[in-house]
Amino acid sequence: MAELRLTMTAEARNVLTDLLRLIAPAAARVSVNRAKIPGNDAEIASFWTETLSAQAAEEARLLATAFANAKGEPAVILLKNDGQAFAFLRALSAVRIALRELVFA
């Protein structure tokens with residue numbers, strides 16, 4: 001089980017959670033746009049795009065939920081297993097890349 005400790009106030013966590021929920025759709029789109037989806041077969045490309053979009057959106061929801069459910073001072077985020085920990089990291093990376101490309105370009 002992965003455990004992250006946040007040195008943030010509850011208000012800062014609430015603001016961050018709201019921001020993560022706002023950026024999540026854009027982060028999912030950026031993840032799909034940056035992927036090297038093969039264009040030879042339209043059916044495969046469509047399936048890959050839909051699957052990647054769904055996965056990125058779910059990971060973004062996990063990220064926002066993890067911050068929203070953090071409790072205590074310092075707040076602790078508990079991730080149940082390695083799969084959740086990796087999804088959390090992918091979502092953080094997607095948000096960072098989306099912010100870099102869309103906001104701080």
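Predicted model only: the values in this text are computed from it and were never measured. Reckoned from all heavy atoms, side chains included, excluding hydrogens, waters and symmetry mates.
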(message) Using the side chain to side chain contact (heavy atoms under 4.5 Å, CB included) criterion, which residues pair with R100? Sequence neighbours excluded.
(response) R34, R96
(request) With sequence neighbours left out, write down each residue that passes side chain to side chain contact (heavy atoms under 4.5 Å, CB included) with F47, or none if nothing qualifies. (result) T51
(message) Testing the basics here: between T17 and A64, what is the closest heavy-atom pair and its distance to 0.1 Å?
(response) CG2-O, 3.6 Å
(request) Over all heavy atoms of both residues, which pair between S31 and A94 is shortest? Give the atoms and the distance, please. (result) OG-CB, 3.5 Å
Is [Y] close to [X] at the side-chain level, that is, under 4.5 Å between some pair of heavy atoms?
{"X": "F88", "Y": "L4", "value": "yes"}
{"X": "L6", "Y": "V76", "value": "no"}
{"X": "L79", "Y": "I77", "value": "yes"}

Can you hop from [X] to [Y] via hydrophobic side chains spaced under 4.5 Å?
{"X": "W48", "Y": "V30", "result": "no"}
{"X": "L16", "Y": "F104", "result": "yes"}
{"X": "V103", "Y": "V95", "result": "yes"}
{"X": "L99", "Y": "F67", "result": "yes"}

What is the distance from atom [atom1] of [X] to atom [atom2] of [Y], rounded to the nearest 0.5 Å?
{"X": "Q84", "Y": "D82", "atom1": "CD", "atom2": "CG", "answer": "10.5 Å"}
{"X": "I97", "Y": "N33", "atom1": "CD1", "atom2": "CG", "answer": "12.0 Å"}
{"X": "L63", "Y": "I23", "atom1": "CG", "atom2": "CD1", "answer": "11.5 Å"}

(message) Would E59 and R61 count as a salt bridge (charged side-chain N to carboxylate O under 4.0 Å, His left out) here? Give the steps.
(response) CA-CA 5 Å; E59 290 169 352; R61 279 190 293 279; over 6 Å; no
(message) Going by the rule salt bridge (Lys or Arg N to Asp or Glu O under 4.0 Å), which residues pair with E11 if we only count those two or more places apart in sequence or in a different chain?
(response) none
(message) Taking A56's backbone N and O only, do any of them form a donor-acceptor pair with R90's side chain (distance below 3.5 Å, no angle check)?
(response) no
(message) Whether the side chain of T49 engages the backbone of A45 through a donor-acceptor N/O pair (distance < 3.5 Å, no angle test) should be reported.
(response) yes
(request) Count the heavy atoms belonging to other residues, nucleotides or ligands that lie under 6.0 Å from CD of E3, then report whether that count exceeds 12. (result) yes
